[in-house]
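Heavy-atom basis, side chains included; hydrogens, waters and symmetry copies ignored. Letters go in sequence order (proteins before strands), and every chain restarts at 1.
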Amino acid sequence: MLNEELRFLKQTIYDFSTKEIAPKALNIEENGIDSDIIFRMVEMGFMGAVAPTEYDGSALDNAGYAVLLEEIAKNSPSLAFYLMIQNSFVIMPILKYGSEEQKRIVIHEIAKGEASGTLIYSDILDTVDDQILTIKDGKISGTKNYVMNSSGKYFILNTNEDGKNRLLLIKSGGSKGKEHAKLGFRGISFSPVSFDTTAGLSDYIGTGDGKKLLSEIIDNSAIAMSAIALGMSESVISKAIEYSKVRYAFGYPLADFQPLAFAMSETYGELNIMRNELYRIATSPLDLQDALTIKHNLIELAKKSSKLAIQIHGGYGYLEDFGIEKFYRDSMFLSVLSGNRVAELTAISNMIFGAEVAKI
Amino acid sequence: MDFSISPELEEFRNKVRSFALREFTEELKHKHDEEESYPEEIRKKVFKDGLVDVSKPWEMLITMEEFCRVDPGLGLSSIVSLFGNEILMFHGSDYQREKYLEKVWKGDLISGFAVTEPNAGSDVAGISSYMKNNGDGTWLLNGGKMFITNGTIADIFLTLVRSSPVDVAKKHHGLSMVIVEKNMKGFSANKIKGKMGVRATNTGELSFDNVVIPESNIVGEIGKGFYYVMEFFNISRIYVAAQAVGIAQGALDYILNYVAVNKKTGNDMADKELTSFLIAEVTTRVEAARLLTYRAASLLFKFTPDPVATSIAKYYAAETATYATEKAMELLGIDGVTTDLERLYRDAKITEIWEGTSEIEKLTIARMLIKNKIKEVEQHA
């Protein structure tokens with residue numbers, strides 16, 4: 001499926017991920033992504049993976065970017081999601097909707113590892129435990145409860161002024177609340193952020209409705225999230241397959257037992273079918289229906305594979321040191337962070353039916 | 001046929017639920033999960049309030065269910081302090097019962113049940129801890145155990161060991177049950193850290209290095225250990241099923257609360273059929289798991305345990321626990337990932353692994369049914 005150039009890229013990132021990320025994966029979960037790793041991400045050109053070279057980026061296309069996230073996610077889903085936040089949630093929106101100045105400053109800083117950013121998109125997640133940020137007399141105020149990479153410098157967020165939603169890029173001005181105890185992606189900070197600032201008010205991004213733009217940004221990250229889910233599935237199922245060859249019960253390797261071998265083989269097969277589909281979509285002109293569909297399927301597959309892998313590993317699968325259980329947590333967290341599930345299923349249905357359906 | 005629960009038991013259920021809601025505070029739930037520390041203070045209160053009384057098995061079962069509904073880590077920790085006691089109750093000598101069992105029942109001693117080894121989990125008869133007869137009324141034990149609940153806090157361990165060389169054709173022969181005390185020379189235990197869930201429970205790896213076991217610490221008959229373990233699984237698996245029912249019910253509580261809160265704030269989630277179907281599907285499975293568990297329990301408590309009923313209950317309830325926490329997490333979305341539901345989701349998965357994986361439960365169900373059918377066919381022939 002992949003052309004020669006992509007195969008070469010895949011091999012390069014695979015080697016990097018195996019040699020440099022795998023040994024640090026557990027530490028990333030416990031202590032976060034340290035400056036050494038960021039330094040290597042910058043050197044490899046991953047921080048600004050999708051940015052054009054004029055902004056110090058690597059100018060990867062959709063497929064190349066997917067390859068990057070897939071290979072990093074195999075060892076550290078946290079790091080892959082972090083890279084996706086920088087590229088899909090910050091760099092891409094700025095490239096698409098931002099001013100030249102924003103591009104020159106923010107993208108440059110991210111690509112060089114001098115700063116990181118994040119997107120606050122809980123506004124489109126139907127939460128009951130969050131506030132809408134408001135602008136009054138030139139001042140932004142309010143608290144957003146669910147902010148990934150909340151320790152970063154730049155925030156792209158939705159604000160409401162006189163009933164109108166606008167997307168804003170702000171530099172600092174947010175104060176980070178207490179870190180949440182969280183289900184997954186433990187290597188990335190996740191906390192409330194309170195705003196009470198006038199900073200950056202001139203930096204509107206895009207001209208449309210802020211919530212609509214948030215949805216667009218999330219839609220546009222579907223291939224990236226699919227690639228993370230793919231890498232996660234691939235990693236856990238491969239570990240389960242390898243383990244089942246060496247772990248014995250009742251005198252036979254686990255792989256000799258029909259239900260176990262069949263379950264792993266079936267998942268492995270689904271994975272290969274979906275990988276081909278993902279790269280077909282990534283190398284074709286963007287088709288939202290296909291992109292959302294593969295995202296939902298791959299995230300479901302990541303959940304299913306990690307659950308199966310824990311079961312194959314038994315008690316060992318339940319222990320952090322073995323690097324299996326994190327996929328069970330991360331895949332569910334990815335599912336939660338991947339967008340508004342019901343809204344997306346409705347969008348897919350509407351596209352398939354060619355009419356507004358699924359209302360009741 | 002009568003599916004009703006007695007008013008006394010319902011009253012008891014209210015009592016344990018109130019206890020859990022009152023004592024399992026947000027602070028304690030968080031603390032013991034984060035620090036992976038054992039909630040000794042809660043265990044003491046549970047015993048003081050008489051919530052764990054082996055002479056009232058239905059109450060024990062309801063305690064397990066209601067505690068796990070609120071918090072499996074804290075709930076389990078306090079009840080599991082008498083893990084394995086039934087083996088002593090059925091097979092222990094007067095000396096063992098007096099020295100150990102009565103104290104375990106009162107909560108003055110903590111017991112553990114040590115079967116699993118690094119290389120033998122589901123394959124119980126595959127263990128290699130070996131006890132050699134010294135010929136002077138003592139035995140010499142060497143080997144180790146893995147994933148042992150109460151590993152570094154228990155005073156005594158009901159331990160399965162090999163007491164005669166392996167007969168390859170009959171691997172389940174030659175296994176014996178012995179009581180290992182934590183103070184015995186050559187015994188050591190290390191805490192296993194980093195469990196995904198049930199982190200308030202204590203888990204350890206045990207090591208036996210020339211531990212001298214007096215003959216008086218052999219439980220029941222020498223060589224019968226495998227059978228005692230299988231018999232015990234008929235009991236412990238029902239309690240795991242009750243854990244799972246509690247966890248699943250806890251997840252359902254989250255779902256219903258969340259839908260109600262949304263309705264109050266004007267979100268029309270509650271009026272959508274997707275939500276209705278979800279509520280109906282999860283409730284149906286939780287109810288089915290509960291009935292299967294109570295049925296298996298009622299057979300056991302009448303001293304007519306049925307391994308098929310037990311395994312069906314354990315397998316189905318555990319699957320329901322992981323299913324219900326998954327569905328709750330999907331519904332609550334970002335509102336769920338930082339709450340107690342997050343912990344419940346991590347806790348749930350263990351029920352499909354410990355005290356017999358779901359795979360082993362399925363084998364037990366099928367093998368018993370096939371065996372019975374063959375007998376029936378032979379009788380007719």
Side-chain angles (χ1 to χ4, degrees), chain A residues 26 29-30 121-122 125-130 145-146 148 179-185 190-192 247-252 254 257 259-260 303 306-307 310-322 324-326 328-329 332-333 335-342 345-346 358-360, chain B residues 30 33-34 116 118-126 146-147 168 171 192-198 203 258 261-262 264-265 267-269 271-276 322 325-326 329-343 345-346 349-350 352-354 357-360 362-363:
Chain A
L26 202 58
E29 294 305 292
E30 283 163 10
Y121 59 104
S122 47
L125 294 181
D126 271 349
T127 114
V128 295
D129 206 6
D130 203 18
N145 198 8
Y146 307 114
M148 285 295 278
E179 189 69 24
H180 289 304
K182 59 181 176 290
L183 176 64
F185 296 141
F190 184 52
S191 73
R247 173 76 185 188
Y248 278 68
F250 308 103
Y252 299 93
L254 297 184
F257 297 94
L260 307 188
K303 289 186 205 164
S306 56
K307 195 163 147 185
I310 290 190
Q311 201 63 25
I312 297 289
H313 283 80
Y316 294 103
Y318 204 68
L319 296 181
E320 286 167 6
D321 282 356
F322 286 79
I324 303 296
E325 59 84 43
K326 81 173 174 202
Y328 185 69
R329 296 183 286 100
M332 179 56 86
F333 202 30
S335 158
V336 164
L337 292 171
S338 73
N340 187 321
R341 187 168 164 269
V342 176
L345 292 175
T346 306
K359 286 169 285 195
I360 300 158
Chain B
H30 249 279
D33 177 56
E34 201 178 314
T116 297
N119 292 311
S122 290
D123 183 5
V124 169
M146 187 67 183
F147 301 126
V168 181
K171 270 170 71 185
I192 296 175
K193 288 181 189 151
K195 295 199 297 286
M196 177 167 74
V198 290
T203 311
Y258 191 69
V261 168
N262 267 285
K264 225 171 134 188
T265 56
N267 185 324
D268 61 359
M269 170 197 267
D271 305 323
K272 302 286 191 198
E273 287 204 358
L274 192 71
T275 312
S276 305
T322 53
T325 53
E326 266 172 52
M329 198 54 97
E330 285 169 7
L331 181 80
L332 268 72
I334 197 90
D335 284 324
V337 294
T338 64
T339 61
D340 288 349
L341 175 62
E342 178 270 330
R343 191 170 47 254
Y345 177 78
R346 289 185 279 117
K349 190 76 191 80
I350 196 62
E352 291 188 285
I353 298 171
W354 66 14
T357 62
S358 295
E359 288 73 15
I360 293 300
K362 288 182 206 178
L363 291 178

Measure distances from A:Lys307 to the heavy atoms of chain B and classify the residue's part below 4.5 Å as side chain, backbone, both or neither.
both

Side chain from CB out, backbone as N, CA, C, O: work out which of these in A:Asn340 comes under 4.5 Å of a heavy atom of chain B, or both, or neither.
neither

Turns out that what part of A:Tyr328 lies under 4.5 Å from chain B's heavy atoms comes down to both

For chain A, find which of B:Asp33, B:Val198, B:Val337, B:Thr339 contributes the most heavy-atom pairs closer than 4.5 angstrom.
B:Val337

With under 30° as parallel and over 60° as perpendicular, where do the rings of A:Phe333 and A:Phe185 fit, or are they tilted in between?
tilted

For the interface with chain B, which of A:Gln311, A:Arg341, A:Lys326 has the highest count of heavy-atom pairs at distances below 4.5 Å?
A:Gln311

What residues form a side chain to side chain contact (heavy atoms under 4.5 Å, CB included) with B:Leu332, not counting sequence neighbours?
B:Tyr254, B:Tyr258, B:Leu341

Contact winner vs chain B - A:Lys359, A:Lys182, A:Arg329, A:Arg247, heavy-atom pairs under 4.5 Å:
A:Arg247

Find the distance between CG (B:Asn267) and CG (B:Asn262) and round it off to the nearest 0.5 Å.
4.0 Å

Heavy atoms of other groups near A:Glu179 CD, more than 12 under 6.0 Å
yes

Sort A:Leu345 into side chain, backbone, both or neither according to what part of it lies under 4.5 angstrom from a heavy atom of chain B.
neither

Cut-off 4.5 Å, heavy atoms of chain B, and the answer for A:Tyr146 is side chain

Looking only at heavy atoms, the pair that brings A:Val342 and A:Thr346 closest together is O-OG1, 2.7 Å

Heavy-atom pairs under 4.5 Å with chain B, option from A:Ile310, A:Leu337, A:Asp321 with the top count:
A:Ile310

Separation between CG (A:Leu319) and CZ (B:Phe147), nearest 0.5 Å, reads 5.0 Å

Residues B:Ser122 and B:Glu359: side-chain donor-acceptor under 3.5 angstrom
no

Let me know if B:Ala120 has heavy atoms under 4.5 Å from chain A in its side chain, its backbone, both or neither.
backbone

Using heavy-atom distances under 4.5 Å, tell me whether A:Tyr316 contacts chain B through its side chain, its backbone, both, or neither.
both

